[in-house]
Enquirer: 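The structure's right below; bear with me while I get my questions together.
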Amino acid sequence: MKLLFISTSVGALGSGIGGGVELTLHNIASIMLRRGHQLQILSPTPSTWTDLPVIQIPGNLQIIAQSQERTDPITMPENSVLGNMWEYARQHQQEYDLILNFAYDWLPFYLTPFLQCPIAHLVSMGSLGDALDQIIAQTSQKFPGTIGFHTPSQAATFPHLTPPLYYLSSGIDLSLYKFCSEPKQQIAWLGRISPEKGLEDAVAVAKETKIPLKIMGKMQDTFYWDDICQKYQNAPIEYLGFLSTNDMQEVVRECQALLMTPRWVEAFGNVALEALGCGVPVISYSRGGPAEIVQDGKTGFLVEPDSVSGLIAAVSRLDEIDRYTCRRQAETEFSLEALGERYEKWFSAILANC
Ligand code: HBI
């Protein structure tokens, strides 16, 4: 197939602003190329990726959807990069069999009937706003089978969807993650530094248990970060920045566990796969994607949402977990090959309906 991937509109590929979508897009693109498909990726400038075919589109970024209220109207900046990416797609659509949209924005869904080329939409977060809920529901009704989610619990946050819905889970390139059987006395936290990720709870665990917390991810909300540092002055925490996959896994693999503290329904939680790939157990609030990934008591622990004491209790039980079982779950359930298989099935089903 000749595929056009249109990236998230809130940041260039490689910036980290796109969070899990960047890793997801990279992994799907890599495995589809490996399986012999042709592919181009549209990204806002200045994409720093060099290993994949990226066409850089100029223009102003969208506001991140998490920062808006449910009833906020849709906003478009002047010279919108989202609009520019879709103008490119409209002009070049004859060159492709299928377009895959990664942007969590109203426009791509609204434009679906205006293009001749089939469009698949990967919805990358849970429900955040009424206007997007409505256009996603409408698109699922007009174009059945073209809406994909990571998990059923994520899809369940959206009202009035018309089946069939596709659940694509996620996947990682396991060759990038090195197993470690003997961790140091430290715990990891990975993700965009932003309120919906609940970092303060992981810091509270570090303060209470005195186990050093290694924090990695894009510094998205500095006010939020400063608040945490003020509130937990002498917690043993260290912020290492937004690292490359290799540098990140060098740190994570030596941790006793990854803490996941989502305040919202995390659509998936790629970081859980990255930890499991290194043999690192995942301790997560039992909500959203991570609750569908972690095998409670076997590859980590699922904790009552927002319960810091529950996280601390789980940390004390880590010696019950066999780290190799964590690695094996990543190998069997979350390999790139399995991911490619799921996307190919989805795309073929869409093309069969055209
Ligand atoms: N917000 N408006 C908007 N559009 C996106 O594509 C978007 C977003 N917020 C976050 C985001 N994408 C990704 O970081 C998550 O889907 C992972």
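Read the numbers this way: they start at 1 and go in the same order the structure lists the ligands and their atoms. As the structure is a prediction and not an experimental result, all values here were calculated from the model.
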Enquirer: Give the residue and atom name of whichever protein heavy atom lies nearest to atom 6 (O) of ligand 1, and the separation in Å to one decimal.
Expert: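 Of the protein heavy atoms, Thr8 OG1, 2.7 Å lies nearest.
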Enquirer: Starting from atom 9 (N) of ligand 1, locate the nearest protein heavy atom and write down its residue, its atom name and how far away it is, to 0.1 Å.
Expert: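 Minimum-distance protein heavy atom for atom 9 (N) of ligand 1 reads Gln66 OE1, 2.8 Å.
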Enquirer: When you measure from the side chain of Asp201 to the backbone N and O of Thr261, does any donor-acceptor pair fall under 3.5 Å?
Expert: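 Absent.
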Enquirer: Examine the proximity of ligand 1 to Ser9 and report which part, side chain or backbone, both or neither, has a heavy atom under 4.0 Å away.
Expert: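 Within the 4.0 Å criterion, Ser9 contacts ligand 1 through backbone and side-chain atoms alike.
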Enquirer: Ignoring hydrogens, just give me the one of Lys218, Met125, Gln220, His150 whose non-hydrogen atom is nearest atom 11 (C) of ligand 1.
Expert: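 That would be Met125.
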Enquirer: Among Ala65, Gly20, Gly191, Ala103, whose heavy atom sits nearest atom 1 (N) of ligand 1?
Expert: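 Closest candidate by heavy-atom distance is Ala65.
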Enquirer: First locate atom CG of Leu176, then atom CG of Asn246, and finally report the distance between them rounded to the nearest 0.5 Å.
Expert: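 That separation rounds to 8.0 Å.
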Enquirer: Work out whether the distance between some heavy atom of Ile17 and some atom of ligand 1 is less than 4.0 Å.
Expert: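 Yes, that is the case, since the closest heavy atom of the residue is under 4.0 Å from the ligand.
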Enquirer: Is any NZ, NE, NH1 or NH2 atom of the basic residue among Glu250 and Lys178 found under 4.0 Å from an Asp or Glu carboxylate oxygen of the other?
Expert: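 Yes.
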Enquirer: Which pairs of donor and acceptor atoms, one on a side chain in residues 42-54, lie under 3.5 Å apart (sequence neighbours left out)?
Expert:
unit_1, atom_1, unit_2, atom_2, d
Ser43, OG, Leu13, N, 3.3
Ser47, OG, Trp49, N, 3.3
Asp51, OD2, His26, NE2, 2.7

Enquirer: Check whether any heavy atom of Ile63 sits under 4.0 Å from an atom of ligand 1.
Expert: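 Under 4.0 Å: yes for Ile63.
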Enquirer: For the pair Glu320 and Lys298, find out whether any cationic side-chain nitrogen is under 4.0 Å from an anionic carboxylate oxygen.
Expert: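 Salt bridge flag = no for Lys298 with Glu320.
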Enquirer: Which residue and non-hydrogen atom of the protein lie closest to atom 2 (N) of ligand 1, and at what distance in Å?
Expert: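 Sorting protein heavy atoms by distance from atom 2 (N) of ligand 1 puts Asp105 OD1, 2.8 Å first.
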Enquirer: Going hydrophobic residue to hydrophobic residue with side-chain gaps under 4.5 angstrom, can you get from Leu23 over to Ile41?
Expert: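 Different clusters: Leu23 never reaches Ile41 through Ile, Leu, Val, Met, Phe, Trp or Tyr contacts under 4.5 Å.
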Enquirer: When you check the gap from the basic side-chain N to the acidic O, do Arg323 and Glu182 get nearer than 4.0 Å?
Expert: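 Salt bridge between Arg323 and Glu182, a charged N being under 4.0 Å from a carboxylate O: no.
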Enquirer: Starting from atom 16 (O) of ligand 1, which protein heavy atom do you reach first, and at what distance in Å?
Expert: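 Nearest neighbour among protein heavy atoms for atom 16 (O) of ligand 1, to 0.1 Å: Ser124 OG, 2.6 Å.
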Enquirer: Against heavy atoms of Gly18, which atoms of ligand 1 measure under 4.0 Å?
Expert: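 Checking each atom against Gly18, I get 13 (C), 14 (O), 15 (C), 17 (C).
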